[in-house]
Amino acid sequence: MITIPNDAPFDDKQKAWLEDFFKQQIEPLIKGGVAAPMGPAVPVTVLFGSQTGNAEGIAKKLAKKFSKLNFVVTVIDLADYEVEQLANEDKVLIITSTYGDGEPPDSAADFHEALMADSAPSLEHISYSVLSLGDTEYPDFCQCGIEFDERFSELGAVAVVPRVDCDVEYESLAQKWQNDLLDIWGGAQQVLVEEDEEELGYSKTNPFPAKVLNMYNLNSDDAEKETYHIELSLEGSELTYEVGDALGVYPRNDEAVVDELMAAFPFNINSDVELSSGKEVSLREALIEHYDITNLNVNLVKAWQARSGSPYLRSLVEAKDDKLIENFCWGRNLIDLAKEYPADFSDAEDVLELLKKLQPRLYSISSSPYVHEGQVHLTIAIVRYHTYDRQRGGVCSTYFSDRVEGQSPRVYVHENKAFRLAASSDDPLIMVGPGTGIAPFRAFLEQREYDKVSGDNWLFFGNPHEATDYLYQDQLAKYQSSGLLTKLSTAFSRDQDHKIYVQDRMREQGSELWSWLEKGAYFYVCGDASRMAKDVDKALHDVIAEHGKMSADEAVAYVKKMKKDKRYSRDVY
């Protein structure tokens with residue numbers, strides 16, 4: 001304990017204050033701990049808009065860190081927050097992803113609409129900052145966060161820290177954003193900022209090597225598609241999941257492509273390289289396991305051109321039209337750049353600094369953990385295509401179909417609280433999942449059977465051909481026979497002269513669909529975000545307007561109420 005000498009020039013009251021200060025503020029820091037907060041607690045509201053859970057995860061970690069300091073942190077899903085509540089706020093942090101074509105995530109859509117409206121309130125009393133999550137592979141990178149930031153500023157709020165736009169590797173930027181906020185708001189003076197606690201057990205940063213137990217193609221041999229059912233063991237991992245969650249999988253690049261790529265490099269390829277973790281590995285291992293060699297993007301092409309003597313690449317870049325470069329990138333991989341447009345790199349690090357890290361892929365889990373104890377099942381469409389005289393494929397899907405033998409894929413559970421089963425077993429479910437979108441609904445049905453629910457279940461499923469593409473047909477037929485699957489509506493789009501999709505089946509059976517909704521049915525959608533999910537959403541509004549005898553605006557309000565009540569959930573990609 002630090003004490004004040006008796007001959008120090010302070011009276012008893014001053015000595016007592018100083019000794020208490022040293023006890024509360026200095027001694028904990030010397031011991032590597034946390035100083036006691038000084039002054040009144042500072043309220044901070046953290047609003048998050050999350051499609052897959054990353055923004056929510058950052059928000060909750062921030063709250064945990066700030067709450068150790070002199071802050072009272074309230075974390076709120078934007079789905080549960082009204083624009084009018086901003087009148088009562090002082091410090092606001094927004095953490096949001098961007099979904100689809102630059103749109104807000106589902107949970108933030110209503111807040112976004114209200115904030116952009118002419119009726120939005122003045123925010124002159126608010127200090128704020130925005131952390132935006134996105135992917136530079138998409139043209140509308142971090143668009144939702146950009147729009148929130150600009151609108152808050154237009155309404156008079158003051159940005160305490162400039163907006164930070166994060167690519168898929170968001171961790172370090174998110175950490176710096178938080179530390180910058182603490183610097184401004186005084187947290188750095190109260191405490192030596194701790195790094196995030198190391199996660200215990202298996203996680204995204206410490207994935208579990210899962211043994212492949214079973215794997216087979218759900219399509220028939222003569223089908224144009226390949227869709228694999230994959231069963232992985234979680235024994236020994238202590239990983240748990242709920243139906244609705246996703247499994248993150250770290251893929252491996254094709255070794256043959258990596259070898260061909262390395263042969264095109266103009267430097268010594270046998271030297272080791274250092275990863276961001278500090279570990280040294282061979283260049284070959286780095287390219288197989290740690291770097292993205294598949295996706296080209298505008299920035300990569302520009303950087304490559306600066307090292308290449310290619311007149312064509314130079315003309316692309318000097319045209320100053322990113323759309324031209326995006327068109328060039330389509331259907332090409334890094335191997336195309338290396339072989340067709342050689343560049344002058346001095347060493348391996350010179351190349352690797354241009355590449356993004358190889359990211360995990362998220363797959364909707366298609367099993368109930370209670371029905372398949374110690375296992376997790378996936379339903380994966382195998383992506384294959386041919387461009388520029390080369391056969392290509394999806395990195396993770398072909399990893400399973402072509403290269404996983406003898407391997408233990410590295411996996412982790414990605415929690416998705418926004419896509420959960422209805423709490424009551426009496427609630428009816430309507431599930432729309434064409435193609436691999438059936439994955440979570442297989443899990444839902446398994447769980448509902450295990451729970452012996454009384455609520456009705458209606459599945460809309462579609463694919464090109466019934467004869468070759470009817471995924472899990474036998475299992476669905478069993479559920480129909482048992483009465484678990486109350487209604488099954490299929491749409492095999494190419495089995496007749498005109499194409500029929502799940503949204504068409506919804507409209508055909510609109511009267512019954514409306515009846516289910518009025519009985520409190522929960523409505524779920526899983527699958528393609530760019531077209532299917534939008535078409536299904538449009539069909540849902542149309543059905544409600546027609547059979548509920550509502551105007552278009554009233555149907556919009558009805559759907560908004562469903563979302564607010566957590567009765568409309570989407571797992572789209």
[X]-[Y] side chain donor-acceptor pair, cut-off 3.5 Å:
X      : Y      : result
Tyr573 : Arg361 : no
Ser530 : Asp528 : yes
Arg442 : Ser367 : no
Tyr128 : Asp149 : yes
Thr74  : Thr45  : no

Among pairs that include at least one residue of residues 532-549, which meet salt bridge (Lys or Arg N to Asp or Glu O under 4.0 Å), considering only residues two or more places apart or in two chains?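 Every salt bridge (Lys or Arg N to Asp or Glu O under 4.0 Å) pair that includes a residue of residues 532-549, provided the two are not neighbours, is Asp101-Lys534, Glu103-Lys534, Arg507-Asp542, Lys538-Asp542.
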
Pairwise salt bridge (Lys or Arg N to Asp or Glu O under 4.0 Å) hits with a residue in residues 448-475, at least two apart: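 Of all non-adjacent pairs touching residues 448-475, none passes salt bridge (Lys or Arg N to Asp or Glu O under 4.0 Å).
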
Heavy-atom closest contact ([X] atom, [Y] atom, distance):
X      : Y      : answer
Phe141 : Cys166 : CE1-O, 3.4 Å
Leu476 : Ile438 : CD1-CD1, 3.9 Å
Thr398 : Gly393 : CG2-CA, 3.9 Å
Ala223 : Thr468 : CB-CB, 3.6 Å
Ile58  : Ala174 : CD1-CB, 4.4 Å
Pro105 : Ser97  : CD-O, 3.2 Å

Indicate yes or no: at least one non-hydrogen side-chain atom of [X] is less than 4.5 angstrom from one of [Y].
X      : Y      : result
Met215 : Val404 : yes
Thr52  : Asn416 : no
Leu540 : Leu517 : yes
Tyr250 : Cys396 : no
Tyr202 : Tyr412 : no
Leu131 : Leu93  : no
Leu213 : Gln375 : yes
Tyr450 : Gln447 : yes

Are [X] and [Y] within salt-bridge range, i.e. N to O under 4.0 Å?
X      : Y      : value
Arg163 : Asp165 : yes
Lys487 : Glu512 : yes
Lys566 : Asp80  : yes
Glu171 : Lys204 : yes
Arg384 : Asp402 : yes
Glu82  : Lys564 : yes
Lys61  : Glu56  : no
Asp426 : Lys519 : no
Glu147 : Arg151 : no

Count the heavy atoms of every other residue, nucleotide or ligand shown that sit under 6.0 Å from CD of Gln496, and state whether that count exceeds 12.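 Count over threshold, so yes.
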
How about CG on Asp565, more than 12 heavy atoms from neighbouring residues, nucleotides or ligands closer than 6.0 Å, or not?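 Yes, CG of Asp565 has more than 12 neighbouring heavy atoms, counting only those of other groups under 6.0 Å.
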
Indicate, with yes or no, if the rings of Tyr228 and Phe400 have centres closer together than 6.0 Å.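 No, they do not, as the ring centres are separated by 6.0 Å or more.
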
Under 6.0 Å between the ring centres of Phe444 and Tyr524?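 Under 6.0 Å, so yes.
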
As a quick check of understanding, evaluate side-chain contact (heavy atoms from CB on, under 4.5 Å) for Met431 and Phe460, giving each step before the final call. CA-CA 6 Å; Met431 299 162 283; Phe460 287 85; over 6 Å; no

Relative to the ring of [Y], is the ring of [X] parallel (under 30°), tilted (30 to 60°) or perpendicular (over 60°)?
X      : Y      : answer
Phe152 : Phe111 : tilted
Phe523 : Tyr568 : perpendicular
Tyr470 : Phe461 : parallel
His229 : Tyr472 : perpendicular

Is a donor on one side and an acceptor on the other found under 3.5 Å between the side chain of [X] and the backbone of [Y]?
X      : Y      : value
Ser67  : Lys64  : no
Asp245 : Glu242 : yes
Thr227 : Leu218 : no

His372 vs Glu446, test: side-chain hydrogen bond (donor to acceptor under 3.5 Å, both in side chains). Steps then yes/no. CA-CA 9 Å; His372 305 281; Glu446 287 187 345; 3.0 Å; yes

Could you give me the CA-CA distance, side-chain angles and deciding distance for Tyr99 and Arg570, then say whether side-chain hydrogen bond (donor to acceptor under 3.5 Å, both in side chains) is met? CA-CA 12 Å; Tyr99 149 78; Arg570 305 198 299 178; 3.1 Å; yes

Please identify which of these residues, Ile382, Asn463, Thr436, meets the side-chain contact (heavy atoms from CB on, under 4.5 Å) condition with Lys225.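 Between Lys225 and the candidates, side-chain contact (heavy atoms from CB on, under 4.5 Å) is satisfied uniquely by Asn463.
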
Residue that, paired with Val559, satisfies side-chain contact (heavy atoms from CB on, under 4.5 Å) out of Arg567, Glu554, His541: His541

Take Phe148 and Leu115 through the side-chain contact (heavy atoms from CB on, under 4.5 Å) test and state the conclusion after the steps. CA-CA 8 Å; Phe148 278 147; Leu115 186 71; 3.6 Å; yes

Run the ring-ring contact (aromatic ring centres under 6.0 Å, His included) test on Tyr558 and Trp514 for me, step by step, so that the C-alpha distance in whole Å, both residues' side-chain angles and the decisive distance to 0.1 Å come before the verdict. CA-CA 12 Å; Tyr558 188 97; Trp514 168 247; 5.2 Å; yes

I would like to know whether Leu358 and Asn253 meet side-chain contact (heavy atoms from CB on, under 4.5 Å); could you show each step before the answer? CA-CA 9 Å; Leu358 186 58; Asn253 286 310; 3.9 Å; yes

When Lys356 is tested against each of Thr136, Asp292, Thr294 for side chain to side chain donor-acceptor pair (under 3.5 Å), which residue passes?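 In the set Thr136, Asp292, Thr294, the residue that makes a side chain to side chain donor-acceptor pair (under 3.5 Å) with Lys356 is Thr136.
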
Quick one, His414 with Leu247, criterion side-chain contact (heavy atoms from CB on, under 4.5 Å). Give me CA distance, side-chain angles, the key distance, then yes/no. CA-CA 6 Å; His414 182 92; Leu247 192 75; over 6 Å; no

Steps toward side-chain hydrogen bond (donor to acceptor under 3.5 Å, both in side chains) verdict (Asp571, Ser364): CA-CA 8 Å; Asp571 178 13; Ser364 302; 2.6 Å; yes

Is there a side-chain hydrogen bond (donor to acceptor under 3.5 Å, both in side chains) between Ser366 and Thr379? Walk through the geometry before answering. CA-CA 7 Å; Ser366 55; Thr379 308; 3.1 Å; yes

